[in-house]
Amino acid sequence: MRLGIEKILQKDDLGRDDLIALLDIDDPAEEAALFKRAYEVKQRYVGTKVYFRGLIELSNLCVKNCFYCGIRRGNGAVKRYTLSEEEVLDAVKFAHAARYGSVVIQSGERQDEEFVSFIERLVTRVKEVSHNELGITLSLGEQSEATYRRWYAAGAHRYLLRIETSNALLYKTLHPDDHDFEARLESLRTLYKLGYQVGTGVMIGLPGQTTADLADDIAFFKKMDVAMIGMGPFIPHHETPLAASIPDWQEQKERQLRRALRMIAAVRIQLKDVNIASTTALQAIDHVGREMGLLAGANIIMPNLTDTEYRTGYQLYDGKPCMDENATMCAGCLERRITSIGETIGYGEWGDSPHFKNAKKEH
Ligand code: 5AD
Ligand code: SF4
Ligand code: FES
């Protein structure tokens, strides 16, 4: 191992150049040392208990047209769906009975009143059917302050909104002209102000993204003082404008996975006590990708609760796993995967990040 890397791995606070050096590691021994160090930091600050967030993919209707995403408005090949209230509550009851700490309601973006009030009602009903026991995370894109307020008042307490990249110029190349980086930032600030536990994240290995961009993303997470991070590798979707952006995908995908794992490790080392998701996109590249994410420093898993009949409708990228499975199968499968690497599952706990609790004490 290079002496430089060894030294960086002993540091507590990493500078921009240190982060770039870690993210650029190519040597397997150095990479193993990076993951080992990240795992130590994870054990020390958040432990090795994995928290489950049951994921409900509510709807693939979306008013946006992001160039990378398989359910973008412009993709006419997708059959659109929206779950009924009853279908959502069935998933919620499953999560509650399986003693997951919380559920995540995610969908494409819509701002119309019908949607806003549907969500408001769902949040209230989730609280009722779980006797206030399930935490609720929303992942429903950019909304007005008034909407975020209504959903918070109804009982949602966490919100996931990825910045996708903290580089405003790169953001512009990945979205049509009417998508606004500043609006995304403003949404994150509003969520924070309203008292939500805020999660954000980026895609790793985007076309045109440099290692310095990723290092700056980590600085951005720190500056925004976020409690949760959800990141995954960018994976081309065949029906999108970025379909051909990585032409030799089969040769590149392993590198793409390793880059994403190094990013998880670097974020763990630098931010220490935040919750980091081991995302499904990791498993889209390698069947043990999510276990690799946990071993590189992540501590959150989002088991899919969506009914099998809708799963193929929610493919943001190609190769998404568990298309023919249901909630029960994913639950058992993930439990086996987690115990196979010697970790445990925090059943029946919300699993707020120590960072959120620590920050609260200080304020
Ligand atoms: N590859 C990887 N992640 C993607 N997302 C959307 N499209 C892709 C893709 N092609 C991610 C975005 C979004 C989240 C819900 O899914 O980061 O915020
Ligand atoms: Fe819609 Fe989100 Fe996909 Fe963009 S990334 S097209 S906002 S679902
Ligand atoms: Fe869904 Fe393994 S995680 S079946």
Side-chain angles (χ1 to χ4, degrees), residues 52 54-55 57-75 78 80 104-111 137-143 159-165 171 174-176 178-180 183-184 187-188 199-207 209 217 229-243 245-246 249 253 256-257 260 277-285 287-291 293 301-306 308 311 313-338 340:
F52 276 175
L55 178 64
E57 294 157 336
L58 176 72
S59 170
N60 63 1
L61 284 167
C62 188
V63 298
K64 292 219 161 154
N65 223 356
C66 308
F67 295 151
Y68 43 83
C69 178
I71 63 168
R72 62 199 300 272
R73 189 185 67 223
N75 183 5
V78 177
R80 304 287 165 170
V104 182
I105 300 179
Q106 185 177 82
S107 88
E109 221 173 281
R110 273 175 67 185
Q111 284 92 9
T137 305
L138 299 180
S139 178
L140 307 167
E142 292 168 23
Q143 303 289 341
Y159 204 100
L160 300 177
L161 181 64
R162 291 191 182 177
I163 190 75
E164 314 299 357
T165 168
Y171 190 94
L174 303 167
H175 300 96
D178 60 343
H179 293 31
D180 183 3
R184 181 65 59 108
S187 285
L188 283 171
T200 192
V202 295
M203 281 176 285
I204 303 151
L206 287 161
Q209 186 182 48
D217 291 338
I229 311 280
M231 304 177 293
F234 161 70
I235 301 173
H237 184 289
H238 63 284
E239 294 279 0
T240 63
L242 293 183
S245 57
I246 308 183
W249 175 249
K253 65 179 191 182
Q256 194 76 342
L257 172 67
S278 191
T279 54
T280 315
L282 296 166
Q283 195 178 323
I285 298 183
H287 75 110
V288 291
R290 280 200 273 192
E291 290 91 312
I301 292 262
M302 295 161 70
N304 196 335
L305 293 174
T306 314
T308 316
R311 289 193 179 195
Y314 205 85
Q315 280 180 275
L316 311 188
Y317 44 81
D318 287 341
K320 192 176 167 201
C322 313
M323 283 300 111
D324 300 323
E325 278 74 16
N326 60 27
T328 310
M329 291 157 97
C330 285
C333 173
L334 288 168
E335 179 167 282
R336 282 191 296 281
R337 287 163 179 273
I338 291 162
S340 80

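Atoms within each ligand, like the ligands themselves, are counted from 1 in listed order.
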query = Is R162 in polar range of ligand 1, meaning some N or O pair under 3.5 Å apart?
reply = yes
note = OH of Y68 to CE of M203, rounded to nearest 0.5 Å, is 4.0 Å
remark   = Of all protein heavy atoms, the one nearest atom 16 (O) of ligand 1 is L316 CD1, 3.2 Å
request  = State whether the side chain of Y317 and the backbone N or O of A281 hold a donor-acceptor pair below 3.5 Å, judged by distance alone.
outcome  = yes
ask   = Do any heavy atoms of M203 fall under 4.0 Å from ligand 1?
value = yes
query = Quick one: does P233 get a heavy atom under 4.0 Å from ligand 1?
reply = yes
key: atom 4 (Fe) of ligand 2 reached by C66 (N, O or S, under 2.8 Å)   = yes
ask   = Going by an N to O cut-off under 4.0 Å, is there a salt bridge joining E57 and R311?
value = no
request  = Number the atoms of ligand 3 from 1 as they appear, then name those within less than 4.0 Å of a heavy atom of R290, with their elements.
outcome  = 3 (S)
request  = Quick one: do M302 and V104 satisfy side chain to side chain contact (heavy atoms under 4.5 Å, CB included)? Show the steps, please.
outcome  = CA-CA 8 Å; M302 295 161 70; V104 182; 4.0 Å; yes
key: Test of proximity, I235 against ligand 1: N or O pairs below 3.5 Å   = yes
query = Tell me: protein heavy atom nearest atom 1 (Fe) of ligand 2, and distance?
reply = C62 SG, 2.2 Å
query = In ligand 1, which numbered atoms sit nearer than 4.0 Å to a non-hydrogen atom of C69?
reply = 7 (N)
ask   = At a 4.0 Å threshold, what atoms of ligand 1 neighbour a non-hydrogen atom of F234?
value = 1 (N), 2 (C), 10 (N)
message = Students should be able to answer this: which protein heavy-atom is nearest to atom 3 (Fe) of ligand 2, and at what distance?
response = C69 SG, 2.3 Å
task = Evaluate the side-chain proximity of Y314 to Q106: yes if any heavy-atom separation is below 4.5 Å, no if none is.
result = yes
key: Numbering as shown, the atoms of ligand 2 that approach Y68 to under 4.0 Å (heavy-atom distance)   = 5 (S)
key: Where ligand 2 meets I71 - atom numbers and elements under 4.0 angstrom, heavy-atom basis   = 8 (S)
request  = Any atoms of ligand 3 less than 4.0 Å from a non-hydrogen atom of L334? List them with their elements.
outcome  = 3 (S)
ask   = N/O of E164 under 3.5 Å from N/O of ligand 1, yes or no?
value = yes
task = Supply the atom-to-atom distance R72 CZ to T240 OG1, rounded to the nearest 0.5 angstrom.
result = 7.0 Å
note = Rounded to the nearest 0.5 angstrom, the CD-CD1 distance for E291 and I301 is 7.5 Å
inquiry  = For L316, state whether at least one heavy atom is located under 4.0 Å from any atom of ligand 2.
reply    = no
query = Less than 4.5 Å apart, any side-chain heavy atom of C322 and any of N304?
reply = no
message = Rounded at 0.5 Å granularity, tell me how far SG in C66 sits from CG in L242.
response = 10.0 Å
request  = I would like to know whether K64 and E142 meet salt bridge (Lys or Arg N to Asp or Glu O under 4.0 Å); could you show each step before the answer?
outcome  = CA-CA 10 Å; K64 292 219 161 154; E142 292 168 23; 3.3 Å; yes
inquiry  = Taking backbone and side chain together, does C322 place any N/O/S atom at a distance below 2.8 Å from atom 1 (Fe) of ligand 3?
reply    = yes
inquiry  = Any nitrogen or oxygen of Y68, side chain or backbone, less than 3.5 Å from one on ligand 1?
reply    = yes
key: Nearest protein heavy atom with distance in Å, relative to atom 2 (Fe) of ligand 3   = C333 SG, 2.2 Å
ask   = For ligand 3, which atoms have a heavy atom of E325 less than 4.0 angstrom away?
value = 4 (S)
request  = Could you give me the CA-CA distance, side-chain angles and deciding distance for I163 and L188, then say whether side chain to side chain contact (heavy atoms under 4.5 Å, CB included) is met?
outcome  = CA-CA 9 Å; I163 190 75; L188 283 171; 4.1 Å; yes
note = Residues T308 and M323: closest non-hydrogen pair is CG2-O, 3.5 Å
